[in-house]
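In this chain, residues are counted from 1 in sequence order. Just so we're clear, the structure is a prediction, and the values are computed from it rather than from any experiment.
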Amino acid sequence: MKDTLRKLPLPAALAAASATPALSQSLDETINNAFAASTGWFVNLIFAPIPGTAFPWIVAWLVVGAAVFSIYFGFVQFRVLGHSIGLVKGDYADPNDAGEVSHFQALATALSGTVGLGNIAGVAVAVGIGGPGATFWMILAGLLGMATKFTECTLAVKYRNEYEDGRVSGGPMYYMVKGFKVLGKPGGKPLAILFAVFTILGSLGGGNMFQANQAHAQLVNVFGDFPGVITGVVFAAIVFAVIVGGIKSIAQVTEKVVPFMGVLYVGTAIVILLLNIDMIGWAFGQIFAGAFTGLGVAGGMVGALIQGFKRAAFSNEAGVGSAAIAHSAVRTKEPITEGFVALLEPFIDTVVICTMTALVIVITGQLMVDPATGLYIVGESGAIQTVDGNTGVALTSAAFSQSIPFFRYILVVAVILFAFSTMISWSYYGLKAWTFLFGEGKTTELVFKVMFCFFVIVGAAASLGPVIDFSDAALFAMAVCNIIALYILMPIVKQEMNSYLGRLKSGEIRKFA
């Protein structure tokens, strides 16, 4: 997804330096100080490393969960890929099924919430610190995360609420309440309420203010300084125009924006790789060698592993539970089918898009190598020295611009599209958590949508670091609640999977298209 300010210090610094605060400095400082003093303990707790290591425990929580689900479901992510693609194409879609959007629209909406600055700047940070080998561990974590997405999105459809007017509401908060009740397990409702609160906080911060802030920073970087409130108002108006129409409106936009931004970014990367086709074999050699030796980077193999796992976890959100909210709106009577569709997300987000970014950075020679030893030159900060001293989004921009000089303008378009698509998706996630807590209804929904757009303006106009730090911590706190629920409910998913695959094999489930 957009990634976190704590984990991407450069973009945060760029935003702070570039965005011109429209709010008074004293108000900005007051909010900063108040949040830092009252919520710092929570932020530090969520992102704390495992004692004796530099590995954040929340990342381990996500990766271990992904490994457990992969093994428990017999590595379903590799067994059903062909069928997953058929579902996305609509081969098995019954137009009479309950739901609001198609399999493809649900996938596009969820992808728009995860594909973002984490794929551009986050990967650059991972490779800049962990070396090319971080890419290997990033890919591995992405492949394992496919099983987590499969689990949570299957449950989201199975336990969603379906209303008479055709609308649906679903997500972890619903399967926590209903699923726990089916199994006779206590604690489902308190866990669901906690998850919903964290989702609202995450949607307003990481899924909203951070996106507007970073989009404005990139615009300033290319076109010069101007008030952030202008960016904020324009973004807020466009976002409101889309989200006021609900999930159908959001899906209609994301099904067009996501493929376009994916083709734009990946297509540009492919062109650069083709221009340097003689270097591709060497680059993959660096990735595999670095994964197990570190190639001299800080922390060696362990450092590469930490950076790769960290980046994958923060990029594709497998286990966070956010995507399950979007997927719950799909038109289907078979919950497991949306699990099969959802498992494609980490593959597209991490294995394809993040890997493309890493390959371009490595192939264009941005990382400095000691000719005497063949090892990467590590600076005092622990990061690999780059040709122009770039890190984060600037490193990605430099890598692409080396082969395509006008790429900085393509990057502006990509960042704006990534930010916009992430905001509209997270508006829906926050809305569903809001209505779970305060009830369904047009007035309730409108209150949240207006509040969400107000925070778009705040995010672009001010630098509220501790506020966004807290919301990002809340976002990953969602994963704590969610994965606990997944462990308890995964036997239900296994029953659904075995039943469906058996009927598919016997020919009972047929194509509609």
Are Val80 and Tyr500 side-chain neighbours, meaning at least one heavy-atom pair lies under 4.5 Å?
no
Verify, without hydrogens or angle tests, whether Lys449 (side chain) and Ile243 (backbone) share a donor-acceptor contact under 3.5 angstrom.
yes
Parallel, tilted or perpendicular: ring planes of Tyr487 versus Phe69, cut at 30 and 60 degrees:
tilted
With distance as the sole test, does Thr231 use its side chain to make a donor-acceptor pair with the main-chain N or O of Pro227 at under 3.5 Å?
no
Taking the side chain as every heavy atom from C-beta outward, state whether Tyr163 and Val168 have any pair of such atoms under 4.5 Å apart.
no
Judged by atom type as modelled, is there a donor-acceptor pair below 3.5 Å linking the side chain of Trp434 to the main-chain atoms of Thr444?
yes
Check the pair His216 / Phe226 against ring-ring contact (aromatic ring centres under 6.0 Å, His included), numbers first and verdict last.
CA-CA 9 Å; His216 179 69; Phe226 65 95; 4.8 Å; yes
Geometric class of the Phe198/Phe42 ring pair [parallel <30°, tilted 30-60°, perpendicular >60°]
parallel
Would you mind reporting whether Glu152 and Pro172 have side-chain heavy atoms less than 4.5 Å apart?
no
Can you tell me how far the CD1 atom of Ile488 sits from the OH atom of Tyr175, to the nearest 0.5 Å?
11.5 Å
Do the side chain of Trp426 and the main chain of Leu204 share a donor and acceptor less than 3.5 angstrom apart?
no
Side chains of Phe150 and Met497: does their closest heavy-atom pair fall under 4.5 Å?
yes
Residues Ala324 and Cys153: closest non-hydrogen pair is CA-SG, 3.8 Å
Walk me through it: do Phe240 and Val450 pass the test side-chain contact (heavy atoms from CB on, under 4.5 Å)?
CA-CA 8 Å; Phe240 185 79; Val450 171; 4.2 Å; yes
Quick one: NZ on Lys494 to OG1 on Thr151, what's the gap to the nearest 0.5 Å?
11.0 Å
Contact between Phe476 and Phe47 at the side-chain level, heavy atoms closer than 4.5 Å - yes or no?
yes
Distance, nearest 0.5 Å, that separates CD1 of Ile58 from CG of Leu475
9.5 Å
4.5 Å side-chain heavy-atom contact, Asn482 and Val320
no
Does a side chain donor of either Thr154 or Glu338 reach within less than 3.5 Å of an acceptor in the other side chain?
no
Could you give me the CA-CA distance, side-chain angles and deciding distance for Val493 and Leu486, then say whether side-chain contact (heavy atoms from CB on, under 4.5 Å) is met?
CA-CA 9 Å; Val493 178; Leu486 297 185; over 6 Å; no
Determine whether Met173 and Lys432 make a side-chain contact, defined as any pair of heavy atoms from C-beta on separated by less than 4.5 Å.
yes
Could you grab the distance from atom CZ of Phe195 to atom CE of Met176, nearest 0.5 Å is fine?
5.5 Å
Considering all heavy atoms of both residues, which atom of His327 and which atom of Leu107 are nearest to each other, and what is their separation?
CE1-CA, 3.9 Å
Counting distance only, does the side-chain N/O of Ser328 pair as donor-acceptor with the main-chain N or O of Ile325 below 3.5 Å?
yes
Going by distance alone, is a donor N or O of one side chain under 3.5 Å from an acceptor N or O of the other, for Gln77 and Ser70?
yes
Tell me if a side-chain donor or acceptor on Asn208 pairs with a main-chain N or O of Met423 at a distance below 3.5 Å.
no
Would you indicate whether the side-chain heavy atoms of Phe340 and Ile336 approach each other to under 4.5 Å?
yes
Classify the side-chain pair Tyr265/Thr357 by whether it contains a donor and acceptor separated by less than 3.5 Å.
yes
Before you tell me yes or no, could you show the steps for Val341 and Ser84 under side-chain contact (heavy atoms from CB on, under 4.5 Å), namely the whole-Å CA-CA distance, both residues' side-chain angles and the distance that decides it to 0.1 Å?
CA-CA 5 Å; Val341 169; Ser84 297; 5.7 Å; no
Hey, what do you get for OG1 (Thr337) to NE2 (His83), rounding to the nearest 0.5 Å?
7.5 Å
For Ser169 and Glu440, which heavy atoms make the closest approach, and how far apart are they?
OG-OE2, 2.8 Å
Quick check against the 3.5 Å criterion: does Lys178 have a side-chain atom that pairs as donor or acceptor with the backbone of Arg160?
yes
Of the non-hydrogen atoms in Val177 and Ala192, which two are nearest, and what is the gap between them?
CG2-CB, 3.7 Å
So, for Phe448 and Ser427, which heavy atoms are closest and what is the spacing to 0.1 Å?
CE2-O, 3.3 Å
Audit row: Thr350, Met138, side-chain contact (heavy atoms from CB on, under 4.5 Å) steps and yes/no:
CA-CA 7 Å; Thr350 305; Met138 181 177 65; 3.6 Å; yes
Please round to the nearest 0.5 Å and tell me the distance separating atom CD1 of Ile424 and atom CD1 of Ile238.
10.5 Å
Could you tell me whether a side-chain N or O of Asn213 sits under 3.5 Å from a main-chain N or O of Gly459, the two making a donor and an acceptor?
yes
Specify the closest pair of heavy atoms between Asp225 and Val220, including all atoms of both residues, with the distance to one decimal.
CA-CG1, 3.9 Å
State whether the side chain of Ser203 and the backbone N or O of Ile200 hold a donor-acceptor pair below 3.5 Å, judged by distance alone.
yes
